[in-house]
Asker: 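Okay, here's the structure, questions in a sec.
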Amino acid sequence: MEGGLETFFGVFLRKNSVFLDKRALQSTYIPENILHREEHTQQIANTLAPALKGEKPSNLFVYGKTGTGKTLTIKYTTQKLAEVAETENAPLKIIYINCKLKRSADTEYRLMAQLAGELGKMVPPTGLPTGEVYGAFLRALNRQKRNCIIILDEIDQLVNKTGDNALYNLTRISEATESQVSIIGISNDIMFADILDPRVRSSLSEEEVVFPPYNALQIQSILKQRAELAFKKEALELGVIEKCAAYAARDHGDARRALELLRVAGEVADRENSSKITTEHIDKAEAKIDRDRVIDIVATQPKQYHLVLYSILSLKPNKNSNLFTGEIYELYKSLCNKTNTSILTQRRISDIISEFDMLGILNARVISKGRYGRTREISIEIPDTALAKIKQILEDSIHT
DNA sequence: CCTCCACCGGAAAGCCGGGTCA
DNA sequence: TGACCCGGCTTTCCGGTGGAGG
């Protein structure tokens with residue numbers, strides 16, 4: 001086996017790939033021009049433009065389903081704005097924050113700490129009273145003496161988890177200081193605004209932009225634009241883009257998913273040493289994405305969750321028989337005893353089951369069995385191809 | 001039409017680990 | 001070192017409920 005690895009790497013390097021530049025398919029990539037969002041871009045630009053004259057732009061609220069180009073368009077627009085501000089010497093600070101990022105900006109404290117950090121005032125990630133962090137942020141803000149635009153992406157996550165306190169304070173800050181702070185909120189939950197305090201809502205959505213889903217034709221042109229950069233010439237077989245777009249349009253016009261599908265299809269083709277991407281590769285890619293997603297979610301779950309899921313899987317070897325919370329809990333308890341694990345309350349297990357439901361691993365809905373009580377009816381939503389692997393993961397995790 | 005089951009699910013509070021600060 | 005703070009996970013408490021069976 002001498003030189004085995006060297007040979008392998010050598011072959012790997014020289015191996016033909018369908019890709020030219022994979023980055024063009026990644027979700028962080030910002031293209032030269034954004035298709036089918038001309039009006040939105042303009043509308044956003046209109047709202048933000050006053051910042052160049054040192055006036056405070058209106059707060060802006062953006063919503064639309066996932067993969068409709070919200071984040072992309074906002075980033076694109078603010079980036080251009082920052083460039084102009086730079087050359088025109090108009091003091092302007094733009095802060096982008098994703099509220100969904102775990103341990104980063106998903107609580108009031110962490111959001112404020114993050115904001116203060118962006119303004120050059122480092123704050124310890126924990127330990128201080130929240131009020132202190134507000135103070136730090138305010139001081140940093142006043143020292144800046146320039147217009148500030150704060151972009152809060154996935155803002156619904158923040159509010160769902162920790163309430164609208166932070167937003168309330170944030171919208172009021174701009175009234176209470178010299179510096180001018182504008183907020184751009186991005187949400188993919190349209191109902192989100194309803195749970196806000198009315199004062200916060202009206203303040204936050206001085207301007208509103210709604211991003212509709214793309215249709216199949218629009219997704220096609222987006223895919224073509226990116227594929228041009230990402231793949232070698234002739235690497236795409238006829239109909240591949242169309243099929244990709246059709247899949248994405250089928251589930252609510254999610255362009256991000258379409259791009260991911262195309263990228264993974266390319267990777268599958270590479271692995272098979274195929275010089276072309278065919279429509280079969282798309283199918284394989286779709287299955288792979290689905291499978292990987294589920295496996296990844298399960299694998300990163302803590303042990304108690306594994307015990308619950310394992311109980312459910314053991315109770316249900318065949319499809320179309322449904323389970324109820326009570327029986328799952330019974331098995332879970334005995335499993336805990338066998339493995340020397342502390343037993344959680346049924347109330348807690350109930351929540352864990354709901355979480356699996358939200359993650360799309362299970363399907364749980366409350367039903368009434370009349371005389372025999374009210375409970376959840378639970379079924380499994382794991383693709384067959386992933387089942388064996390999942391069971392493996394669960395068993396490994398439980399017996400440690 | 002009423003009862004009553006077997007849970008649901010909200011609210012609040014406790015515990016614990018990670019941290020700051022004086 | 002001790003007083004305090006945050007956030008994640010969990011327990012405790014408890015009012016609520018759709019509908020089969022009487």
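To find a chain, count down the sequence lines: A is the first, B the second, and so on, and within it residues start at 1.
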Asker: Can you measure A:Phe324 atom CZ to B:dC8 atom C1' for me and round it to whole angstrom units?
Answerer: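 For the pair A:Phe324 CZ and B:dC8 C1', the rounded distance is 15 Å.
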
Asker: Which nucleotide in the list B:dG18, C:dT10, C:dG18 gets nearest to the side chain of A:Gln304?
Answerer: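 The answer is C:dT10.
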
Asker: Does the separation of the ring centres of A:Tyr109 and A:Tyr134 fall below 6.0 angstrom?
Answerer: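 Centroid distance A:Tyr109-A:Tyr134: not below 6.0 Å, so no.
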
Asker: I need the CD-C1' distance between A:Glu132 and B:dT20, as an integer number of Å.
Answerer: 10 Å

Asker: Both conditions, 6.0 Å and 45 degrees, for the charged tip of A:Lys121 above the ring of A:Phe137: are they met here?
Answerer: no

Asker: Describe the nucleic acid contact of A:Ile353 in one word from base, sugar-phosphate, nothing, applying a heavy-atom distance below 4.0 Å.
Answerer: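 Nothing: the residue A:Ile353, judged by heavy atoms under 4.0 Å, touches no strand.
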
Asker: Counting any heavy atom closer than 4.0 Å, what does A:Gln346 reach on the DNA or RNA strands: base, sugar-phosphate only, or nothing?
Answerer: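 A:Gln346: backbone/sugar contact only, no base atoms under 4.0 Å.
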
Asker: Can you see whether A:Ser17 engages A:Asp270 through a side-chain donor-acceptor pair at a distance of less than 3.5 angstrom?
Answerer: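 There is such a pair between these side chains.
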
Asker: OP1 or OP2 of C:dT11 less than 4.0 angstrom from a side-chain nitrogen or oxygen of A:Thr345, does that happen here?
Answerer: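 Looking at the OP1 and OP2 atoms of C:dT11, one of them is under 4.0 Å from a side-chain N or O of A:Thr345.
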
Asker: May I have the distance from A:Glu377 (atom CD) to C:dT17 (atom P), rounded to whole angstrom?
Answerer: 21 Å

Asker: Where the side chain of A:Pro129 is defined as all heavy atoms beyond and including C-beta, which of B:dC4, C:dC5, C:dG18 is the nearest nucleotide?
Answerer: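 Nucleotide nearest to A:Pro129's side chain: C:dC5.
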
Asker: Is any side-chain N or O of A:Arg348 closer than 4.0 Å to OP1 or OP2 of C:dT10?
Answerer: yes

Asker: Against the six-membered ring of A:Tyr76, is A:Arg37 placed for a cation-pi contact (under 6.0 Å from the centre, within 45° of the normal)?
Answerer: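 No, A:Arg37 and A:Tyr76 do not form such a contact.
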
Asker: Whole angstroms only, please: what is the CD1-P distance between A:Ile378 and B:dC8?
Answerer: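 Computing the A:Ile378:CD1 to B:dC8:P distance gives 7 Å.
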
Asker: Looking across every strand, which nucleic acid part, if any, lies under 4.0 Å from A:Lys161 by heavy atom: base, sugar-phosphate, or nothing?
Answerer: sugar-phosphate

Asker: Find which nucleotide of DNA chain C each of A:Gly127 and A:Leu344 is nearest to by heavy atoms, and output the residue with the more 5' nucleotide.
Answerer: A:Gly127

Asker: Any Lys/Arg nitrogen of A:Asp197 or A:Arg199 sitting under 4.0 Å from an Asp/Glu carboxylate oxygen of the other?
Answerer: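 Salt bridge between A:Asp197 and A:Arg199, a charged N being under 4.0 Å from a carboxylate O: yes.
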
Asker: Per the atom types in the model, does the base of C:dT17 pair as donor or acceptor with the side chain of A:Arg374 at under 3.5 Å?
Answerer: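 Yes, the side chain and the base share a sub-3.5 Å donor-acceptor pair.
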
Asker: Return the 5'-most residue of the pair A:Lys369, A:Leu128 with respect to DNA chain B, ranking by each residue's nearest nucleotide.
Answerer: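 Mapping each residue to its closest nucleotide by heavy atoms, the 5'-most match is A:Lys369.
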
Asker: Mind calculating the distance between CD1 (A:Ile367) and C1' (C:dA20) to the nearest angstrom?
Answerer: 12 Å

Asker: Do the side-chain N or O atoms of A:Thr107 get closer than 4.0 angstrom to the phosphate oxygens (OP1, OP2) of C:dG7?
Answerer: yes

Asker: For A:Arg347, answer base if it contacts any base atom (sugar-phosphate contacts may also be present), sugar-phosphate if it contacts only those atoms, and nothing otherwise; contact means non-hydrogen atoms under 4.0 Å.
Answerer: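 It contacts base atoms.
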
Asker: Over all strands shown, is A:Thr130 touching base, sugar-phosphate only, or nothing at heavy-atom distances under 4.0 angstrom?
Answerer: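 Here A:Thr130 touches the backbone only, sparing every base.
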
Asker: How do A:Gly326 and A:Pro124 order along DNA chain B: which one's closest nucleotide is nearer the 5' end?
Answerer: A:Gly326

Asker: Whole angstrom is fine here: how far is it from OH in A:Tyr372 over to P in B:dC7?
Answerer: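 The distance from OH of A:Tyr372 to P of B:dC7 comes to 14 Å, rounded to the nearest Å.
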
Asker: Once you round it to whole Å, what is the distance between P of C:dG16 and CZ of A:Arg376?
Answerer: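 Between P of C:dG16 and CZ of A:Arg376: 19 Å.
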
Asker: With the side chain of A:Arg371 defined as its heavy atoms from C-beta on, choose the nearest nucleotide among B:dT20, C:dC6, C:dA20.
Answerer: C:dA20

Asker: Is the shortest side-chain N/O distance from A:Ser350 to OP1 or OP2 of B:dC8 below 4.0 Å?
Answerer: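 Indeed, a polar side-chain atom of A:Ser350 lies that close.
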
Asker: Any Lys/Arg nitrogen of A:Lys22 or A:Glu267 sitting under 4.0 Å from an Asp/Glu carboxylate oxygen of the other?
Answerer: yes

Asker: Specify the separation, in whole Å, of atom CG of A:Leu111 and atom C1' of C:dC6.
Answerer: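 The distance from CG of A:Leu111 to C1' of C:dC6 comes to 15 Å, rounded to the nearest Å.
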
